[in-house]
There are 2 protein chains.
Amino acid sequence: MVAMPHTPASAKPTATRKDVARLAGVSTAVVSYVVNGGPKRVSPATEAKVRTAIAALGYRPNAAARALKLGSSEMLGMIVPDTTNPFFVMLAHAVEEAAAERGYALLIANSDASIASERRHMGNLASRRVDGVFLSSVLFEPDLRELEAAEIPVVLLNHSAESPGFASVGVDLQEGARLAVEHLAGHGHTRIGLVMGTNTGGGLDGREVGWLEGVREAGLVPGPIIRAPFRRPAGLEVARELAGRPDRPTALFASSDILAVGLLRGFHETGIRVPEDVALVSFDGSPEAEFSWPGLTTLAQPIQEMARSAVDALVTGGSPSNRIFPPTLVRRASCGC
Amino acid sequence: MVAMPHTPASAKPTATRKDVARLAGVSTAVVSYVVNGGPKRVSPATEAKVRTAIAALGYRPNAAARALKLGSSEMLGMIVPDTTNPFFVMLAHAVEEAAAERGYALLIANSDASIASERRHMGNLASRRVDGVFLSSVLFEPDLRELEAAEIPVVLLNHSAESPGFASVGVDLQEGARLAVEHLAGHGHTRIGLVMGTNTGGGLDGREVGWLEGVREAGLVPGPIIRAPFRRPAGLEVARELAGRPDRPTALFASSDILAVGLLRGFHETGIRVPEDVALVSFDGSPEAEFSWPGLTTLAQPIQEMARSAVDALVTGGSPSNRIFPPTLVRRASCGC
DNA sequence: CATCGAGAGTTACTCGAGTCAACAGAATCT
DNA sequence: AGATTCTGTTGACTCGAGTAACTCTCGATG
């Protein structure tokens, strides 16, 4: 350590509004007015002086002071259950972008599908006075006492059930699953199974309902339902198990791309061909579905629109609404197309 | 909208320290002392009274006020260039965990590999007075004026070149690449190509140096170098192009898992078998490498350790150091093992 | 000419929490 | 007993920015 070439000796400890005011020869109030296009008008001449001073000092308003006075941190929080799942990563990214467009920063917290951790993060967000929280809970009926006590608006994101009293944004799981089964039945399959990701919270997943609906509509008898956690290795296990079954279904609907990725891997290992021996349709529309081999036919969620809608729901307030978006079928090779 | 079952009529607008003090019958100072294990001792009896009042009111200290007084937001910022790349997602997740252990929240911003966006985010983080920033820049010599002006410490994360004056944490790209080539040469390959992700910033990537070193050590002539952006579709393009070449190399080192995933997909399409026709080793150690078919032999980065080290570098301060971690070779099927 | 009003600036208070100087009372020492 | 230390508590000031309420100037209107 010889020197600090990047830190000049003149250690100016961050300029404040007062410094700007002094340098520009005006009061602190006008500085605020200039910075915020404030509630009062400022003459062009003084505005110019202030702007020059701001530039000269490299002044930036202190967000903490602003937040204290305004009672708004201009931050939103988001709790995601699983950063291992690319779907949630995409969702978080889309929300971050939509929030940034409205001038909000996003504080992302990972609950790792643990209820304790989810609650801890909610407390943290509450004390940071975020202006709203996007919650992708692992629970069906999340415990929102912390946030309610702090009067922080919440939108349940990726929550497709109607939750009275709360805003929510989700995708039409049931219709998506129905579409998937319809498509597989259209390829001539008669034994269509379901690989269902298990959610911690209990409650019936719409995909299960839609799958059953699709099977019934096609006049078939329901294939087996296999339950497994929402993770790649779980899909792999399922495939291995399925490989040993004599009465293996000829088609599967997987409730998530990552489950399908695991399945694919397992089928490759055991020499079962996709789609020839087993056809596959999954859910989410992540890049992994596109680049796997064979490419996965999947029900893509309109992530950008969902994110935008969720951000709107938070920043514009209004009465809590439940928005459900339709997924769209993306045809690739895994279904036999 | 009939009613708001979750919001009782008694809208208590978030309790402050003063409310707690009043209810407990003490001064506001003791409340602070209790909350922070403050600089002064408090008798057990009063502490109990305060604790009761805190619980009764659901009091939470206002983070904005705290930040204003302390000059520290207890937040760290992180700028990642590409949330499409699972490596950065894992890194961000690991950093978030390590930061949380130290009591810091993480503000994650996505620069989408754009310099303008990177700079905008740095300005934003500066005005939010984060206590430090992890920067995974797309640039070789990032422009840190904003952060320097605000006296915010930075650690260059995923930066393997020595940058005098800055703390940095990275992986030994060169040694990793050398290891990869050594391994491929050990399988008997003599024409070993390089698929190199292009970085916007210019400057020589250590993986290129290590690849060349490995080839030389094995007494071989260097195979072709193919450059492409760090994205899955780019890998796919490269594979298609390679498929048409008569002098195709028998082995490839790809500088990133996502490039290799694209390659794999392209080779499948064109009927080229991996590892029989082309052996493949890649870099990063993401889950996609594990679940692709065939599984990718890859140089796994010690992400947890890197994250921990980066957080330490920020919160403990000290003189800026350059920490380089060794990657480890994970053998799977794509190399021919 | 007196009065009003618009426009430009300034002063001073406020948000909620951290913490220091001051102080009261109890405990210890000489 | 008087002096000294220690313990527990409090009032008051501070951080930086937003803004209501006030002052001052100048021109227009009755």
Side-chain angles (χ1 to χ4, degrees), chain A residues 12-51 53-54 57-75 103 126-131 150-151, chain B residues 12-51 53-54 57-75 103 126-131 150-151:
Chain A
K12 38 167 189 184
T14 12
T16 74
R17 185 180 62 163
K18 208 187 247 173
D19 302 323
V20 175
R22 187 173 13 249
L23 180 61
V26 298
S27 76
T28 59
V30 284
V31 178
S32 273
Y33 297 152
V34 168
V35 169
N36 307 331
K40 297 228 141 184
R41 294 192 50 79
V42 173
S43 78
T46 15
E47 167 157 4
K49 281 193 297 183
V50 171
R51 291 239 122 89
I54 287 178
L57 295 173
Y59 166 73
R60 283 184 170 290
N62 181 322
R66 227 184 118 79
L68 175 58
K69 191 76 237 276
L70 296 182
S72 153
S73 57
E74 282 157 330
M75 289 194 299
S127 71
R128 293 201 128 87
R129 299 292 194 281
V130 294
D131 298 331
E151 300 197 315
Chain B
K12 38 168 189 186
T14 13
T16 74
R17 185 180 63 165
K18 207 187 248 173
D19 302 323
V20 174
R22 183 170 20 247
L23 180 60
V26 297
S27 77
T28 59
V30 285
V31 178
S32 271
Y33 296 152
V34 168
V35 169
N36 307 330
K40 298 227 141 181
R41 293 191 52 78
V42 173
S43 77
T46 19
E47 167 156 2
K49 280 192 297 180
V50 172
R51 290 238 123 90
I54 288 178
L57 296 173
Y59 166 73
R60 282 183 171 290
N62 181 322
R66 229 184 118 79
L68 175 58
K69 192 77 239 279
L70 297 182
S72 152
S73 57
E74 282 157 328
M75 289 194 298
S127 72
R128 292 201 128 88
R129 299 291 194 281
V130 294
D131 298 331
E151 300 198 314

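Note on naming: letters A, B, ... go to the chains in the order of the sequence lines (proteins, then strands), and numbering restarts at 1 for each one. The model shown is predicted, which means the values in this text are computed figures rather than measured ones.
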Next on the checklist: Please check this pair: side chain of Ser127(B) against backbone of Arg60(A), looking for a donor-acceptor N/O pair closer than 3.5 Å.
Outcome noted: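 Not at all, since once roles are kept as given, no pair shorter than 3.5 Å links the two residues.
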Checklist entry - Does the pair Arg66(A) and Val35(A) meet the rule for a side chain to side chain contact (heavy atoms under 4.5 Å, CB included), with working shown? => result CA-CA 12 Å; Arg66(A) 227 184 118 79; Val35(A) 169; 5.7 Å; no
Separation between [atom1] of [X] and [atom2] of [Y], rounded to the nearest 0.5 Å:
| X | Y | atom1 | atom2 | result |
| --- | --- | --- | --- | --- |
| Thr16(A) | Tyr59(A) | OG1 | OH | 7.0 Å |
| Leu68(B) | Lys69(A) | CG | NZ | 12.5 Å |
| Met75(B) | Arg128(A) | CE | CZ | 6.0 Å |

Checklist entry - What does Leu70(B) touch in the nucleic acid at a heavy-atom separation under 4.0 angstrom: a base, only the sugar-phosphate, or nothing? => result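 Counting heavy atoms under 4.0 Å across all strands, the contact made by Leu70(B) is with sugar-phosphate only.
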Item to check | Exercise: do Arg17(A) and Ser32(A) side chains pair donor with acceptor under 3.5 Å | outcome: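 Yes, a side-chain donor-acceptor pair sits under 3.5 Å.
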Using the 3.5 Å cut-off, write out each protein N or O paired with an N or O of nucleotides 8-14 of chain D and the distance between them.
unit_1  : atom_1 : unit_2   : atom_2 : d
dT9(D)  : OP1    : Ser43(B) : OG     : 3.4
dT9(D)  : OP1    : Thr46(B) : OG1    : 2.9
dT9(D)  : OP2    : Ser43(B) : N      : 3.1
dT9(D)  : OP2    : Thr46(B) : OG1    : 2.9
dT9(D)  : O4     : Lys40(B) : NZ     : 3.2
dT10(D) : OP2    : Ser27(B) : N      : 2.8
dT10(D) : OP2    : Ser27(B) : OG     : 3.2
dT10(D) : O4     : Tyr33(B) : OH     : 3.3
dT14(D) : O2     : Lys69(B) : NZ     : 3.3

Checklist entry - Separation of Asn62(A) atom CG from dG16(C) atom P, in whole Å? => result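 Interatomic distance, CG of Asn62(A) to P of dG16(C): 17 Å.
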Checklist entry - Atom CZ of Arg128(B) and atom C1' of dG16(D): how far apart are they, to the nearest Å? => result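 In whole Å, dG16(D) C1' and Arg128(B) CZ are 16 Å from each other.
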Checklist entry - Does Asn36(A) have a side-chain nitrogen or oxygen under 4.0 Å from the phosphate oxygens OP1 or OP2 of dG18(D)? => result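 So the side chain of Asn36(A) is within the cut-off, an N or O lying under 4.0 Å from OP1 or OP2 of dG18(D).
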Checklist entry - Is the phosphate of dG16(C), meaning OP1 or OP2, less than 4.0 Å from a side-chain N or O of Arg66(B)? => result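 Answer is no, no contact under 4.0 Å.
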Item to check | Inter-axis angle, terminal five-pair segments of the helix from dC1(C)-dG30(D) to dT30(C)-dA1(D) [nearest 10°] | outcome: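 For the helix from dC1(C)-dG30(D) to dT30(C)-dA1(D), the axes at either end differ by 60°.
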Next on the checklist: Testing the basics here: between Asp131(A) and Ser73(A), what is the closest heavy-atom pair and its distance to 0.1 Å?
Outcome noted: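 Closest approach of Asp131(A) to Ser73(A), heavy atoms only: OD1-N, 3.3 Å.
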Next on the checklist: Pick the closest DNA chain C nucleotide for Leu68(A) and for Pro39(B) by heavy atoms, then say which residue is nearer the 5' end.
Outcome noted: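 Result of the comparison: Leu68(A).
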Next on the checklist: Both Ala65(A) and Val31(B) contact DNA chain C. Taking the nearest nucleotide for each, which residue is further toward the 5' end?
Outcome noted: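 Looking at DNA chain C, the more 5' nearest nucleotide goes with Ala65(A).
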Checklist entry - Would Val42(A) and Val50(A) count as a side chain to side chain contact (heavy atoms under 4.5 Å, CB included) if you check the C-alpha gap in whole Å, the side-chain angles of each, and the deciding distance to 0.1 Å? => result CA-CA 10 Å; Val42(A) 173; Val50(A) 171; 5.9 Å; no
